[in-house]
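Input: a single structure, listed below in structure tokens.
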Amino acid sequence: MQLARYTAPRGTADILPKESPKWQWVEAQFREKCRLYNYQEIRTPTFEETDLFARSIGEHTDIVSKEMYTFTDRSGRSLTLRPEGTAPVVRAYLQHNLASEQPVRKLYYITSIFRYERPQAGRYREHHQVGIEAIGSADPAIDAEVISLGMDYLTSLGIGGLELKINSVGCPNCRPRYRESLKESVKPYLAELCESCRIRYDANPLRMLDCKVPGCRELTVNVPSLIDYLCDECSAHLASVLKYLDLAGIKYTLDPRLVRGFDYYTKTAFEVQSSRLGAQSAVLGGGRYDGLVEEMGGAKTPAVGFGSGIERTLAIMEAEGVQFPPACHPHVFIVTLGDAPRAAGVQLLLELRRLSVAAEMDYAGKSMKAQMRSADRSEAGIAVIIGDDELARGEVKTRNMQTREESAYPLPAAAQKIKELICTE
RNA sequence: GCGGGAGUAGCUCAGCUGGUUAGAGCGCCAGGUUGUGGCCCUGGAGGCCGUGGGUUCGAGUCCCAUUUCUCGCCCCA
């Protein structure tokens with residue numbers, strides 16, 4: 001154990017060869033859904049100006065107040081490792097004036113996210129998210145499209161038992177009214193609420209709604225509902241989003257207490273939860289952020305998006321016993337005995353690969369028996385055996401690893417013949 | 001930031017109330033055919049028992065600290 005002098009930093013993980021095919025598969029499913037829905041990939045830097053996140057996420061959110069990886073570079077600039085995916089995309093959208101090419105931009109990303117948190121099941125200091133952002137449309141149909149892509153993606157992975165929760169958090173027109181009425185109705189019990197709720201009361205009253213402390217839940221159970229306070233526009237928007245979800249056959253639960261941890265959300269907010277995840281039940285979350293682009297210096301531009309954690313997605317798949325497609329193995333394993341055969345083996349390797357046949361050989365100087373064992377373990381369909389005898393006859397021997405059937409092929413055309421063997425298997 | 005559990009070979013773990021050279025299974029390597037895999041047999045490599053300090057004639061085993069992992073709170077993906 002202590003041979004390892006260095007270990008990966010707390011809350012980070014290596015994705016080893018045994019796991020990486022699963023990641024590739026999940027990412028491929030996501031990319032395929034983005035292709036179908038016509039979202040285009042965007043890649044942004046790992047770090048940004050600190051102010052970008054502080055302003056967009058909200059100064060008094062947990063993320064900004066205590067979870068950001070912030071550092072000063074050699075010229076004194078304050079930079080922060082991306083703690084969420086939306087702000088950098090919006091920044092790039094504005095910086096490169098992507099709006100000028102198309103009024104509605106549909107973008108997706110696959111990236112790592114950094115938050116200084118105490119690690120636990122499904123929570124890391126560096127985790128990975130897939131996500132999409134649809135910028136430039138206020139149409140409720142696109143809220144539904146965003147949700148639909150997310151659900152399609154998760155179900156394409158073979159995940160069941162998901163619950164979509166949806167709510168509207170209103171807009172700058174109606175939210176202040178609700179906030180006041182919420183504070184008014186909570187005021188009599190203020191002293192009985194938990195400590196963090198008492199802080200939220202002034203800083204961010206809406207967050208009191210999703211407090212998990214049982215006592216707070218009881219005290220706020222009869223509090224007015226956000227949905228009753230929505231302005232006509234927000235109310236109509238929500239109704240329309242739900243209508244489109246019904247149209248798409250997507251099941252949801254209307255949850256008036258659903259509130260998200262970023263300040264920039266307006267109107268639609270949603271979360272997909274799985275019971276397989278333990279304490280961290282959210283696997284996908286997002287919503288509409290109609291004020292963010294303007295807040296960051298652009299024109300008034302409506303937008304919607306979501307982010308979804310890859311680690312949590314994989315954890316659900318693991319818990320449900322989802323079968324991943326088998327990992328890729330070499331098709332051909334070359335076994336050589338001695339120096340001259342070895343040179344011929346190297347030559348054959350090159351030719352096979354030039355013909356797009358995956359091929360491998362032993363580089364550990366093993367005995368023939370051991371090389372055969374390696375061939376077996378590599379799950380190669382065919383072993384090619386080259387020794388002095390074969391070379392003297394100007395040929396190579398092949399062995400079908402399933403049937404044990406062996407045959408010989410003259411050397412100049414051997415690569416082509418082996419390719420045909422594989423393709424007709 | 002706060003709380004619970006844990007830290008012994010690459011992996012999963014056993015080591016009873018402190019006592020001599022620290023074990024198993026799996027994996028890995030080699031041999032059992034002079035050039036042939038999956039099963040079987042034999043052998044081998046690999047651990048200052050997370051780290052530092054203390055108690056003791058003596059500590060993997062007790063005490064303290066520290067660190068990492070893990071689970072939960074907060075919050076989120």
Side-chain angles (χ1 to χ4, degrees), chain A residues 1-13 16 18 57 60-67 83-86 110-131 150 154 194-197 199-200 204 207 210-214 216 259-262 271-274 277-286 306-316 333 335-338 341 362 364-391 397-406:
Chain A
M1 205 68 133
Q2 229 39 40
L3 272 179
R5 180 160 169 199
Y6 298 110
T7 55
R10 186 162 165 74
T12 69
L16 301 173
K18 199 178 164 192
I57 300 170
H60 47 267
T61 58
D62 277 23
I63 290 182
V64 172
S65 64
K66 58 183 192 190
E67 293 177 358
E84 63 101 33
T86 301
I110 300 177
T111 193
S112 43
I113 302 286
F114 306 87
R115 290 180 203 163
Y116 189 87
E117 300 189 87
R118 188 78 182 267
Q120 85 188 53
R123 206 181 63 187
Y124 311 94
R125 289 186 173 176
E126 179 186 21
H127 78 274
H128 299 78
Q129 287 188 12
V130 303
L154 292 173
C194 72
E195 196 190 330
S196 49
C197 275
I199 296 169
R200 289 176 186 136
N204 193 352
R207 290 226 61 91
D210 73 346
C211 182
K212 271 63 169 195
V213 177
C216 294
V259 179
R260 313 217 72 244
F262 304 102
E271 210 165 277
V272 179
Q273 304 185 343
S274 164
L277 282 176
Q280 271 64 45
S281 59
V283 65
L284 185 151
F306 74 69
S308 175
I310 300 180
E311 284 84 353
R312 289 184 186 178
T313 302
L314 287 165
I316 299 173
F333 195 103
V335 173
T336 65
L337 299 118
D362 165 63
K366 292 182 179 177
S367 67
M368 181 181 195
K369 179 175 178 155
Q371 288 184 61
M372 286 303 293
R373 213 181 350 247
S374 299
D376 186 46
R377 267 197 294 256
S378 79
E379 290 177 35
I382 289 178
V384 174
I385 298 164
I386 310 175
D388 289 326
D389 298 353
E390 285 77 16
L391 231 43
K397 194 193 283 182
T398 63
R399 177 181 174 91
N400 182 311
M401 295 301 279
Q402 263 81 57
T403 64
R404 298 176 163 206
E405 192 182 329
E406 297 193 340

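Numbered from 1 within each chain, the chains take letters A, B, ... in sequence-line order. All heavy atoms count here, side chains included; hydrogens, waters and symmetry mates do not. Values in this document were obtained by computation on a predicted structure and should not be read as measured data.
Judged by distance alone, with hydrogens and angles left aside, the side-chain atoms of Arg207(A) form a donor-acceptor pair with the main-chain N or O of Arg260(A) at under 3.5 Å. Not one N or O on the side chain of Asp376(A) forms a donor-acceptor pair closer than 3.5 Å with the backbone of Glu379(A). No donor-acceptor pair closer than 3.5 Å links the side chain of Arg125(A) to the backbone N or O of Pro119(A). The backbone N or O of Glu117(A) lies less than 3.5 Å from no partner atom in the side chain of Glu67(A), so there is not a single donor-acceptor pair.
The residue Arg377(A) sits close only to the backbone: its heavy atoms come under 4.0 Å of sugar-phosphate atoms, none of a base. Phe306(A) comes within contact range of no nucleotide atom at all, as no heavy-atom separation falls under 4.0 Å. Ala375(A) comes within 4.0 angstrom of nothing in the nucleic acid, heavy atoms only. Here Glu379(A) lies out of heavy-atom contact (under 4.0 Å) with every strand. At the heavy-atom level, Lys366(A) lies under 4.0 Å from the strands shown only through sugar-phosphate atoms. Residue Glu117(A) is in base contact, counting any heavy-atom pair closer than 4.0 Å across all strands shown. Backbone-only engagement by Gly11(A) is indicated by non-hydrogen atom pairs under 4.0 Å involving sugar-phosphate atoms exclusively. When heavy atoms are screened at a 4.0 angstrom cut-off, Arg312(A) is found touching base atoms of the nucleic acid. Using a 4.0 Å heavy-atom criterion, one finds that Glu406(A) contacts the bases of the nucleic acid, with or without backbone contacts as well. Using a 4.0 Å heavy-atom criterion, one finds that Ala370(A) contacts the sugar-phosphate atoms exclusively. Nucleic acid contact for Leu284(A): sugar-phosphate only, since backbone atoms but no base atoms lie under 4.0 Å from a heavy atom of the residue. Nucleic acid contact class of Gly122(A) (heavy atoms, under 4.0 Å, all strands): base.
For the pair Gln371(A) CD and G38(B) C1', the interatomic distance rounds to 17 Å; values are reported in whole Å. Atom CG in Leu337(A) sits roughly 12 Å away from atom C1' in U34(B) (whole-Å rounding). As a whole-Å value, the separation of Tyr124(A) OH from G72(B) P is 10 Å. Distance Ile316(A) CD1 to A77(B) P: 14 Å, rounded to the nearest Å. Atom-to-atom, CG of Leu16(A) to C1' of G10(B) comes out at 12 Å; the value is rounded to the nearest Å. The distance from atom CD1 of Ile63(A) to atom P of G1(B) is 18 Å, rounded to the nearest whole Å. Following rounding to the nearest Å, Ile382(A) (CD1) and G37(B) (P) show an atom-to-atom distance of 18 Å. Separating the CG atom of Asp62(A) from the P atom of C2(B) is a distance of 16 Å, rounded to the nearest angstrom.
Rounded to the nearest 0.5 Å, atoms CD1 (Ile382(A)) and CG (Asn400(A)) are 6.0 Å apart. Note: Gln129(A) CD to Phe306(A) CZ = 10.0 Å, rounded to the nearest 0.5 Å. One distance of note links CG of Leu337(A) with CD of Glu390(A); it measures 8.0 Å at 0.5 Å rounding. The structure places CG of Leu154(A) at 9.5 Å from OG of Ser274(A), a figure rounded to the nearest 0.5 Å.
Remark on RNA chain B: of its neighbouring residues Lys369(A) and Ala282(A), the 5'-side contact belongs to Lys369(A), judged by nearest-heavy-atom nucleotide. Judged by closest nucleotide on RNA chain B, Gly365(A) is the one of Gly365(A) and Ile386(A) placed further toward the 5' end.
Contact check, Ser367(A) against G31(B): a side-chain N or O comes under 4.0 Å of OP1 or OP2. Under 4.0 angstrom from either OP1 or OP2 of C73(B) there lies at least one side-chain N or O belonging to Gln120(A). At least one side-chain nitrogen or oxygen of Arg260(A) sits closer than 4.0 Å to the OP1 or OP2 atom of A77(B). Not one side-chain nitrogen or oxygen of Arg373(A) sits closer than 4.0 Å to the OP1 or OP2 atom of C28(B).
On the C1' atoms, U36(B) is 16 Å away from G31(B), given to the nearest whole Å. For the P atom pair drawn from C71(B) and U12(B), the interatomic distance equals 14 Å after rounding to whole Å. The P atoms of C41(B) and G27(B) are separated by 12 Å, rounded to the nearest whole Å. If you take atom P in U67(B) and the same atom in G60(B), they sit 24 Å apart, rounded to whole Å. Going from the C1' atom of U8(B) to that of G23(B) covers 10 Å, rounded to whole Å. Straight-line distance between the C1' atoms of G47(B) and G53(B): roughly 22 Å, to the nearest whole Å. With both ends at atom P, the span from C64(B) to G5(B) equals 12 Å, rounded to whole Å. Comparing the C1' positions of A22(B) and A14(B) gives a spacing of 11 Å, expressed to the nearest Å.
A9(B): no Watson-Crick or G-U partner with both key distances under 3.5 Å is found in any strand. Summarising the base pairing, G60(B) is matched to no nucleotide, lacking a Watson-Crick or G-U wobble pair whose two defining distances lie under 3.5 Å. Across all strands shown, G44(B) pairs with C28(B); the Watson-Crick or G-U wobble distances both stay below 3.5 Å. Across all strands shown, C16(B) forms no Watson-Crick or G-U wobble pair with both key distances under 3.5 Å. The pairing partner recorded for U36(B) is none, the criterion being a Watson-Crick or G-U wobble arrangement whose two distances lie under 3.5 angstrom.
No hydrogens or angles were tested; on distance alone, nothing pairs the side chain of Arg118(A) with the base of G1(B) as donor and acceptor under 3.5 Å. For Glu67(A) against G1(B), a side-chain-to-base donor-acceptor contact under 3.5 Å is absent.
Proximity note for Arg10(A) (side chain, C-beta onward) versus U36(B), A77(B), U70(B): the nearest is U70(B). With G37(B), G35(B), A77(B) as the choices, the nucleotide that has an atom nearest any side-chain atom of His127(A) turns out to be A77(B). Side-chain atoms of Asp376(A) lie closest to G37(B) of the nucleotides G1(B), U36(B), G37(B).
Side-chain atoms of His128(A) and Ile110(A), non-hydrogen and from C-beta on, never get closer than 4.5 Å to each other.
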